[in-house]
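Keep in mind that what you see is a predicted model, and the values were worked out from it rather than measured. All heavy atoms count here, side chains included; hydrogens, waters and symmetry mates do not.
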Amino acid sequence: MIVTKRLLAASAPPSRSAYVARLRRAFLLRVHPDRFRTQPNLIKDQSILIQTLSDRLGEPDFLRYITPTVSLDHQSGSAEVKNKYHQQQFSIETKSGVVKTSISLNGSPSEILQSMAELCNFSPPPLPPQNHDQGQNNEPDLFQYLRYGAHARPMKRQSKNTNLIQFLETPGLANDIKERRLNRINATSAAHVARQLYKFSSIDGTRLGWSSASMSICLQRLTALHDEHRDKLRTSSFYPFRLILSSDEFQRKVDLWAGEIRLNPSATSMQWLSILENVTDRSVHTLKTNQQLLKKNLDIVEETLQLRVVKGHTSDAEDYFECIRRLARQSEERISQIEADGSRLAVLSHKSSLVIESDQACRRGNLRKNGSFEVSTNMSIDTIRSTISRHAKRSNEILNAEYRKKKESSLMIRRVLHEFGAKVHKPSIVSYDQLLQCLATLLEKDDIEKDELRRLLAGHSIGISTGLKLHLSDDGTIMIPWRTAS
């Protein structure tokens with residue numbers, strides 16, 4: 001209870017860091033050169049803007065805006081910033097078309113963010129930090145002397161937890177993070193352009209494990225294919241098909257049950273075209289009919305079982321479709337019998353889910369470690385109900401405990417944002433226990449080390465990993481092993 005109160009007391013972080021991250025992403029996506037492929041004369045200005053704006057957002061005054069407690073007096077001052085940056089001309093895509101405009105990058109962070117917010121229809125930026133927030137910067141402090149004085153290295157304090165700081169001080173790390181962020185924006189923009197051209201519902205290349213830079217090249221090939229051979233395509237819109245980029249081998253390249261078109265990135269453009277040519281307006285209509293039937297039957301099954309039903313990774317899309325249709329028919333046949341018997345399922349958590357796997361992967365109903373129920377595609381509605389009743393109590397215990405840990409983790413994440421000015425991301429493979437342990441280690445550091453970490457982490461994103469080494473993720477997130485945040 002005491003710990004919870006302390007977390008609540010520190011759970012009101014400034015919104016500047018999150019605001020700048022969201023606005024930066026929205027703005028860069030609107031001015032990205034890939035959006036102006038049909039206007040080559042604009043691409044150069046757009047590229048210069050993206051590079052210059054990224055540099056400007058990394059200047060000391062922006063870091064102070066995000067995290068006022070950071071002391072960076074040793075770095076370039078406002079006069080140097082004004083001489084380095086100027087009025088930047090560029091174009092931006094709006095609802096009324098492409099508009100030519102400019103932005104003054106030698107202004108204050110608030111002025112620059114206000115200009116970006118107006119162009120993106122964002123709310124005004126948060127107020128800049130007050131003078132009292134930066135009180136420790138008015139006089140030389142011991143931390144600055146120890147950090148940058150002539151005897152900084154010999155006088156550096158002895159500590160067992162310096163690995164994270166040493167990693168963050170690696171030469172070239174800041175440029176590497178900046179490059180990865182830009183590569184991720186390039187990949188997102190390339191995916192957006194390809195989606196607009198083909199009208200896919202989504203594009204998924206996560207199975208490849210490629211970097212954003214490589215993914216951008218792959219998606220640009222897809223865009224070039226449409227520009228050159230769109231007259232050979234047999235439909236003007238592939239919606240609601242999803243595009244899957246994967247090196248795996250599939251029996252069906254065009255799946256009318258899963259709603260997926262699967263392309264191998266190592267194939268030639270002509271091989272891609274031969275697959276895309278198989279999709280016709282009739283294929284699109286068949287897929288929409290299958291999805292409507294699946295949704296109708298799924299609603300019946302979920303109403304009967306009182307939980308969410310999802311397809312497992314091992315079950316084939318057609319087998320899953322037939323399974324849901326059979327379960328829906330059995331549910332309608334037995335609904336009167338169930339009401340007459342008065343047999344009802346145990347009350348389940350609203351987070352409960354039923355995962356349907358293939359017959360080979362699941363031979364009997366089980367309860368997973370995360371509290372979800374696991375059944376196979378050949379099980380009847382009665383067998384599934386029996387599985388749910390048998391494991392309902394344990395499932396509720398797991399899900400309720402997970403919900404409590406999730407709330408505690410949210411408070412801890414907000415506290416880290418307040419302390420260090422860094423956003424925290426939790427990958428799905430990391431448990432809440434691991435997340436809490438890692439963040440607690442960060443927050444338990446002494447004040448001097450916190451100041452140092454605050455300076456190094458301000459404006460960045462950190463993630464928790466299950467590995468053993470500190471590293472950067474593809475989007476520039478600083479990945480910290482959960483076992484230690486040293």
Taking Met379's backbone N and O only, do any of them form a donor-acceptor pair with Arg326's side chain (distance below 3.5 Å, no angle check)?
yes
Flag side-chain contact, heavy atom, 4.5 Å: Leu442 against Leu164:
yes
Once rounded to the nearest 0.5 Å, what's the spacing between atom OG of Ser189 and atom CG of Leu28?
10.0 Å
In sequence, state the C-alpha distance, the side-chain angles, and the governing distance for Arg308 and Glu302, and then conclude on salt bridge (Lys or Arg N to Asp or Glu O under 4.0 Å).
CA-CA 6 Å; Arg308 186 170 60 96; Glu302 290 180 342; over 6 Å; no
Non-hydrogen atoms of Leu470 and Ile480 that approach each other most closely:
CD2-CA, 3.8 Å
Would the number of heavy atoms belonging to other residues, nucleotides or ligands and lying under 6.0 Å from OH of Tyr403 be above 12?
no
Look at the side chain of Asp176 and the backbone N and O of Gly172, then say whether any donor-acceptor pair between them is shorter than 3.5 Å.
no
Between Ser376 and Cys362, the two heavy atoms sitting closest are CB-O, 3.1 Å
Show me the pairs that pass salt bridge (Lys or Arg N to Asp or Glu O under 4.0 Å) and involve residues 210-222, at least two apart or across chains.
none
With distance as the sole criterion, is a donor-acceptor pair present between the side chains of Thr383 and Ser386 under 3.5 Å?
no
Using the salt bridge (charged side-chain N to carboxylate O under 4.0 Å, His left out) rule, pick out the option among Arg368, Arg364, Lys369 that qualifies with Glu374.
Arg368
Does anything in residues 233-244 form a salt bridge (Lys or Arg N to Asp or Glu O under 4.0 Å)? List the pairs, not counting sequence neighbours.
Asp204-Arg242, Arg242-Glu260
Between Leu222 and Cys218, is a side chain to side chain contact (heavy atoms under 4.5 Å, CB included) present by the stated rule, with each step listed?
CA-CA 7 Å; Leu222 190 64; Cys218 181; over 6 Å; no
For the side chain of Thr377 and the backbone of Cys323, is there at least one donor-acceptor N/O pair under 3.5 Å apart?
no
Residues pairing under side chain to side chain donor-acceptor pair (under 3.5 Å) where one sits in residues 284-295, two or more places apart or in two chains, turn out to be Lys295-Asp299
Between Ser395 and Gly371, is there a donor-acceptor pair closer than 3.5 Å when you use the side chain of the first and the backbone of the second?
yes
What I want to find out is whether Arg394 reaches Glu397 closely enough, with some N-O distance under 4.0 Å, to be called a salt bridge.
yes
I'd like to know if the side chain of Asp359 and the backbone of Asn378 have a donor-acceptor N/O pair within less than 3.5 Å.
yes
Phe241 backbone acceptor or donor facing Ser201 side chain under 3.5 Å:
yes
Kindly give the heavy-atom pair with the smallest separation between Gly205 and Met215, and that separation in Å.
O-CE, 3.6 Å
Could you tell me whether Glu318 and Arg252 have a side-chain N and a carboxylate O separated by less than 4.0 Å?
yes
Between Thr314 (side chain) and Ser358 (backbone), is there a donor-acceptor pair under 3.5 Å?
yes
Looking at every non-hydrogen atom in both residues, tell me the closest pair between Ser91 and Phe36 and how far apart they are.
O-CZ, 3.6 Å
Would you say Leu327 and Val309 make side-chain contact, with heavy atoms under 4.5 Å?
no
Gap between atom NZ of Lys296 and atom CD1 of Ile324 - 0.5 Å precision:
14.5 Å
Who are the salt bridge (charged side-chain N to carboxylate O under 4.0 Å, His left out) partners of Asp475, not counting sequence neighbours?
none
Among all residues two or more places apart in sequence or in another chain, which pass the salt bridge (charged side-chain N to carboxylate O under 4.0 Å, His left out) test with Glu118?
none
Give a yes or no on whether Arg25 atom CZ has more than 12 heavy-atom contacts from other residues, nucleotides or ligands under 6.0 Å away.
no
Please identify each residue that fulfils salt bridge (charged side-chain N to carboxylate O under 4.0 Å, His left out) with Arg181, with sequence neighbours left out.
none
Are Glu332 and Arg329 within salt-bridge range, i.e. N to O under 4.0 Å?
no
Determine yes or no for a side-chain-to-main-chain donor-acceptor pair under 3.5 angstrom, with Arg180 supplying the side chain and Ser473 the backbone.
yes
Of all heavy-atom pairs linking Asn366 and Thr387, the shortest is N-CG2, 4.1 Å
Are more than 12 heavy atoms, taken from residues, nucleotides or ligands other than Glu303, located less than 6.0 Å from that residue's CD atom?
no
Might you confirm whether atom CD of Glu228 has over 12 heavy atoms from other residues, nucleotides or ligands at distances under 6.0 Å?
no
Taking every non-hydrogen atom, the tightest pair across Asp474 and Ser211:
OD1-CA, 3.2 Å
